[in-house]
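Reviewing the structure listed below.
Side-chain atoms are counted along with the backbone in the values below, which use heavy atoms only and exclude waters and symmetry mates. Below, read A as the first sequence line, B as the second, and so on, with proteins coming before strands; counting in each chain starts at 1. Small disclaimer: the values here were computed from a predicted structure and weren't measured.
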There are 2 protein chains.
Amino acid sequence: MNETTITAPPGTPFIDIVREFDASPARVFRAWTDPEIVPDWLGPAGMTMDLVEYNATPGGRYRYFHRDGSGEHGFRGVFHAVVANERIVQTFQYDGWPTEVSLETVTFEDLGGRTRVHTHAVYPSVESRDAMIASGMERGVLDSMSRLDGVLTR
Amino acid sequence: MNETTITAPPGTPFIDIVREFDASPARVFRAWTDPEIVPDWLGPAGMTMDLVEYNATPGGRYRYFHRDGSGEHGFRGVFHAVVANERIVQTFQYDGWPTEVSLETVTFEDLGGRTRVHTHAVYPSVESRDAMIASGMERGVLDSMSRLDGVLTR
């Protein structure tokens, strides 16, 4: 089984998430950006995703909600750069923390039929990065990567 | 005369720009966000600004060009959070470097009739921050702050 690595070096504003998938960059990129597929894997297990908008083109926006019995969480962002099968630069905002924004660069590296996806997130400060880590984002990331693995092998 | 301080600590992805103005936060914020005023101060001296769009509301976009006899430079971004007279979070992209994006947080601190404006920019990496410094952004920043000073005292 492929492992997800989450790295957040102390004193930096970065979070790096690396995961390999047994599928080509084209297939992984499509699952990552197609609004018909994204709700099947993005977010913590046990929550449903209501995807309002997901326009993965330069300047396009996304907007979605994760819901379970205890409530809903809204997220939004903008795709600033999109290079098919290679790279996405997007912002990330959580409704519960509306003036905090992070910037994510996602790269899809071709390993010859397999793909290494590297998400590099930067926060406005070390403190806001630390707060994101403390919020328990790790579970959502691990669940998402595991669910995406399932989508790609079905 | 008020001085502009530009700080870029080695090994970090940050650039911090601090400048005080002899005007209230409301006046400085208006000059910072009103598309009728922005072309009067934003950018290096000696260049004209063609402001295509400048919608400083949450989710709004901006798009402008700086031109002189040697050519034109296009810029774009999105306002992700806007709190009147207090805070702006926006992205920044240069057409010449389309897959690089930086994230800027601008705060307007009330000093009692005067205002301290602090622009805190974060880049995806230390290397891209260093490249921005090496590009000569300092001149544009110093000129902009000096020109804004002039706008506020006219």
Applying the 4.5 Å side-chain criterion to the ILVMFWY set and letting contacts propagate, would [X] and [Y] be lumped into a single cluster?
| X | Y | answer |
| --- | --- | --- |
| B:Y94 | B:L103 | no |
| B:W97 | B:V141 | yes |
| A:M145 | A:V18 | no |
| A:V101 | B:I15 | no |
| B:M132 | B:V126 | no |

Contact class of [X] relative to chain B, heavy atoms under 4.5 angstrom:
| X | answer |
| --- | --- |
| A:T105 | side chain |
| A:V89 | side chain |
| A:T12 | neither |
| A:E104 | neither |

Acceptor/donor pairs from residues 75-87 of chain A side chains to any protein atom, 3.5 angstrom cut, sequence neighbours excluded:
from	atom 1	to	atom 2	distance (Å)
A:H80	ND1	B:Q93	OE1	3.3
A:H80	NE2	B:H80	NE2	3.4

Practice problem: Considering non-hydrogen atoms only, spot the tightest contact between A:F14 and B:P124 and give its length. | Solution: CE2-O, 3.5 Å
Quiz item: Around B:R30, counting heavy atoms of other residues, nucleotides and ligands shown, do more than 12 lie under 6.0 Å from its CZ?
Solution: no
Exercise. Heavy-atom pairs under 4.5 Å with chain B are the metric here; pick the option from A:V122, A:I88, A:T99 that has the most.
Key: A:T99
Quiz item: Residue by residue, which of residues 34-72 of chain A have a heavy atom closer than 4.5 Å to a heavy atom belonging to chain B?
Solution: A:G59, A:R61
